[in-house]
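Lettering follows sequence order; numbering is per chain, from 1.
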Amino acid sequence: MTFLMDFKQNFIEEDRWKFILNGLGVTLRVTLFAVLIGIAIGFVVAVIRATYEKTGKLVICNFLANVYLTVIRGTPVVVQLLIIYFVIFASVRVDKIFVAIIAFGINSGAYVAEIVRSGIMSIDPGQMEAGRSLGFNYIETMWYIIIPQAFKNVLPALGNEFIVLLKETSVAGYIALEDLTKGGDIIRSQTYHPFMPLLAVAAIYLAIVMLLSFLLKNLERRLRNSER
Amino acid sequence: MSDKNGNDKKLLISVENLSKRYEDLYALYNVSIDIYKGDVIFIVGPSGSGKSTFLRCLNRLEEPTSGNIIFDGTDITDKKTDINKHRQKMGMVFQQFNLFPHMSVLKNLILGPVKLQNKSKEEATEEAMALLDRVGLSDRANAYPNQLSGGQKQRIAIVRALCMKPDVMLFDEPTSALDPEMVGEVLEVMRELAKENMTMVVVTHEIAFAKEIANRVIFMADGQIEEENDAKEFFENPKSERLKNFLAKVL
């Protein structure tokens with residue numbers, strides 16, 4: 001049977017399945033840490049931008065945030081990845097995974113920032129007034145009162161952003177990082193059978209995305225239920 | 001200092017020549033008034049007369065353009081004053097309640113005391129439950145704001161402000177967003193507060209209620225205090241023509 005033989009050749013012989021498994025590990029690690037960096041950058045930038053829009057303060061910070069957003073959203077993530085690896089870290093020996101995490105984190109932060117900003121702007125100004133009238137300062141009110149509500153409102157959009165990020169990490173092969181996609185491609189180049197390794201890679205991405213969507217839906221429902 | 005009845009009263013808030021200008025329009029112009037401890041001051045007047053602006057300037061939710069507000073001996077319009085410290089002592093109740101929808105009622109109540117006044121959760125909860133009990137809502141402590149009626153929300157909002165143990169309570173049209181049948185329960189809570197000698201400044205359209213519990217009433221028009229008097233005189237002997245007209249329409 002050719003199917004079984006193909007399978008054996010592509011995944012069993014010479015332990016080729018390890019390319020897939022190790023690649024998956026790299027992809028998941030890069031995505032997870034890039035998401036965390038993206039959230040951190042995104043929330044800070046969103047608060048700066050929303051503060052500027054509402055109060056006219058933080059002019060310089062807002063300017064820098066705007067430059068960041070324009071540059072990151074205006075250039076392809078592959079180019080950003082290449083620049084960070086070959087230009088910024090050119091003279092330093094660094095782990096490629098680390099470079100990928102930094103690049104995708106910075107990239108994701110720009111998109112998260114705009115999502116979160118829209119969430120902050122959607123909260124009734126009365127919430128800020130109520131927080132301030134109790135004696136909380138601006139940042140405390142943001143932290144305890146505005147951001148939790150904004151986060152809940154933008155959770156679907158944020159989830160979508162993370163799903164996009166997971167798939168975007170597949171270009172990490174450009175800096176020869178052996179992620180899931182690269183792993184499948186290495187098998188293809190060794191066996192000259194593109195069908196099986198690439199379909200396996202696709203199936204794994206699909207499975208992770210479906211799992212993420214399911215988890216997000218659950219989280220969303222849990223958060224909504226708490227209000228009713 | 002003593003009031004008109006000769007009783008000694010402690011000056012709590014002294015407003016001096018307060019103005020608030022938007023572009024080329026004065027929402028408030030040269031408003032001055034002294035508020036004493038235990039005063040229940042109602043501010044009435046037509047829409048757009050600046051009464052809400054005045055109230056919101058008192059805790060600087062609205063930044064005054066000029067003038068001074070001396071609260072308990074401190075000029076809180078001074079930029080060097082930490083307004084957040086003083087706001088803890090000025091409870092505010094909003095027309096739209098502004099409860100925090102992502103927190104249970106109890107969390108709404110203890111957030112301020114725990115985070116700002118360094119109270120333990122247990123102590124804050126105990127105090128909050130005692131106050132909840134007094135407004136008849138202790139069974140709703142674990143509910144979320146969206147599960148409550150308007151009247152219940154406003155009573156919770158009042159309790160939230162009271163949990164900070166304020167020296168004065170500011171009410172910005174507390175019953176205007178309520179269904180008519182729920183107004184009574186909120187007024188009842190305010191009545192109780194007045195009885196306990198809480199200092200209150202209330203912006204409202206409930207003229208009959210002003211008549212009942214206010215000791216002083218202010219009539220505002222065009223951003224200025226048109227007339228100010230103790231409640232009895234205010235309603236029985238209005239002096240200005242505008243106030244007479246206003247009272248004729250609303251009473």
Side-chain angles (χ1 to χ4, degrees), chain A residues 39 43 46-47 50-59 115-116 118-159 216 218-228, chain B residues 52 55-56 58-63 76 82-105 107-118 142-148 153 156-157 159-166 168-172 177:
Chain A
I39 289 180
F43 272 81
V47 168
T51 302
Y52 173 77
E53 271 173 59
K54 282 184 181 168
T55 65
K57 289 175 186 162
L58 301 180
V59 178
I115 292 170
V116 174
S118 74
I120 291 174
M121 298 306 282
S122 74
I123 303 299
D124 178 3
Q127 292 288 310
M128 176 57 81
E129 290 188 346
R132 298 306 302 275
S133 77
L134 283 173
F136 287 106
N137 66 30
Y138 184 85
I139 294 292
E140 287 167 337
T141 309
M142 273 284 169
W143 184 251
Y144 294 125
I145 294 159
I146 308 295
I147 286 181
Q149 297 181 57
F151 180 73
K152 199 182 289 187
N153 288 354
V154 299
L155 196 60
L158 272 184
L216 274 165
N218 265 335
L219 180 62
E220 241 176 86
R221 198 170 42 222
R222 279 243 308 275
L223 287 175
R224 294 263 165 249
N225 278 346
S226 71
E227 284 184 10
R228 271 174 214 130
Chain B
S52 275
L55 193 77
R56 292 161 54 84
L58 286 183
N59 66 353
R60 274 179 55 196
L61 274 188
E62 214 71 71
E63 208 59 63
I76 58 170
D82 180 8
I83 186 65
N84 299 316
K85 268 262 158 307
H86 296 281
R87 280 189 180 136
Q88 294 183 28
K89 294 281 141 208
M90 308 174 108
M92 186 157 205
V93 176
F94 300 87
Q95 183 176 356
Q96 297 296 339
F97 329 127
N98 294 344
L99 292 177
F100 307 133
H102 59 302
M103 298 177 187
S104 68
V105 164
K107 283 228 175 93
N108 263 276
L109 301 183
I110 65 172
L111 183 71
V114 169
K115 303 285 183 196
L116 292 169
Q117 299 179 332
N118 296 320
N142 293 314
Y144 280 82
N146 292 350
Q147 300 167 320
L148 305 173
K153 280 183 200 169
I156 301 286
V159 171
R160 181 174 68 182
L162 289 175
C163 280
M164 299 294 289
K165 302 220 175 355
V168 55
M169 288 281 285
L170 312 175
F171 293 85
D172 190 2

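- The two residues A:Gln149 and B:Pro101 have their closest heavy-atom pair at OE1-CG, 3.2 Å.
- Shown here for A:Arg132 and B:Arg87, the closest heavy-atom pair between the two residues is O-CD, 2.9 Å.
- The NZ atom of B:Lys115 sits 9.5 Å away from the CD atom of A:Glu140 when rounded to the nearest 0.5 Å.
- Around NZ of A:Lys57, the count of heavy atoms belonging to other residues, nucleotides or ligands within 6.0 Å does not exceed 12.
- A:Asn137 is not listed as a side-chain neighbour of B:Asp82, based on a closest heavy-atom distance of 4.5 Å or more.
- Taking a 6.0 Å sphere around OH of A:Tyr138, one finds it holds more than 12 heavy atoms contributed by other residues, nucleotides or ligands.
- Interface residue B:Phe100: backbone and side-chain heavy atoms are both found under 4.5 Å from chain A.
- At least one donor-acceptor pair under 3.5 Å links the side chain of A:Gln127 to the backbone N or O of B:Leu99.
- When each of A:Gly131, A:Pro148, A:Ala130 is checked for heavy-atom pairs under 4.5 Å with chain B, A:Ala130 comes out on top.
- Here the closest non-hydrogen pair linking B:Gly112 and A:Phe136 is CA-CZ, 3.9 Å.
- Interface residue B:Met90: only backbone heavy atoms are found under 4.5 Å from chain A.
- The environment of B:Lys89 atom NZ is dense: over 12 non-hydrogen atoms of other residues, nucleotides or ligands sit within 6.0 angstrom.
- Note: B:Asn84 CG to A:Thr141 OG1 = 7.5 Å, rounded to the nearest 0.5 Å.
- Legend: residues meeting side chain to side chain donor-acceptor pair (under 3.5 Å) with B:Glu62, ordered by chain and number and at least two apart, are B:Tyr22, B:Arg56.
- Of the possible donor and acceptor atoms, none in the side chain of B:Asn59 sits under 3.5 Å from a partner among the backbone N and O of A:Ser133.
- Interatomic distance, CE of B:Met92 versus CG of A:Leu134, reported as 11.5 Å (0.5 Å rounding).
- The most heavy-atom pairs under 4.5 Å with chain A, out of B:Leu170, B:Leu61, B:Ile83, B:Val93, come from B:Leu61.
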